[in-house]
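Counting from 1, the numbers follow the sequence of the chain as shown.
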Amino acid sequence: MAAVRRGAAALVARLRAALPSGIAFPYRVELKEGKKYAWCSCGHSRAQPFCDGTHRTLAPDSAPLRFTAEADGKVWLCGCKRTRSPPRCDGSHLRLWEAGSGPRR
């Protein structure tokens, strides 16, 4: 199973490098139990999937989703910003591609 996850992460990295920057993919990140994070909800952060404060000027009505990791481990965080279970990816980006629309930014 670990090999499948590594393969999926490698595929996403190759796709991210090959496709136009407007296409949003989930981000596989390592979280540490008890550590606090701020997930970017506006899509403008240069530190995706985490907030870097860019929303203050580019999307002042937005705010990051702050959360505390419940366990150590790698997780997929949403990149398209349309997940129904933020900050985790729920596959919403697949429905966006099927519908022919890009990420909300």
Can you list, pair by pair, the side-chain donor-acceptor contacts under 3.5 Å of residues 30-37, counting residues two or more places apart and other chains?
residue	atom	partner	partner atom	Å
Y37	OH	K32	N	2.9

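- A side chain to side chain contact (heavy atoms under 4.5 Å, CB included) with C89 is found for exactly one of P26, C80, P49, namely P26.
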**OP:** Report the C-alpha separation of R88 and T83 in whole Å, then their side-chain angles, then the decisive distance to 0.1 Å, and conclude whether the side-chain contact (heavy atoms from CB on, under 4.5 Å) test is met.
**Re:** CA-CA 7 Å; R88 295 181 182 262; T83 182; 5.6 Å; no
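- A side-chain hydrogen bond (donor to acceptor under 3.5 Å, both in side chains) check over residues 59-73, counting only residues at least two apart or in different chains, returns nothing.
- Listed for the W39 side chain is a donor-acceptor partner under 3.5 Å among the backbone atoms of C78.
- In terms of heavy atoms, R82 sits closest to S92 at O-OG, 3.3 Å.
- Taking 4.5 Å as the limit, every side-chain heavy atom of H93 sits out of range of all side-chain heavy atoms of K81.
- Taken to the nearest 0.5 Å, the CH2 atom of W76 stands 14.0 Å off from the CG atom of D90.
- Residues P87 and L65 approach most closely at CD-CD2, 3.5 Å, considering heavy atoms.
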Mind listing the side-chain donor-acceptor pairs of residues 50-60 below 3.5 Å, one per line with the distance, residues two or more places apart or on another chain?
residue	atom	partner	partner atom	Å
D52	OD1	S45	OG	3.4
D52	OD1	T54	N	3.0
D52	OD1	T54	OG1	2.4
D52	OD2	R46	N	2.9
D52	OD2	T54	OG1	3.2
T57	OG1	T54	O	3.3

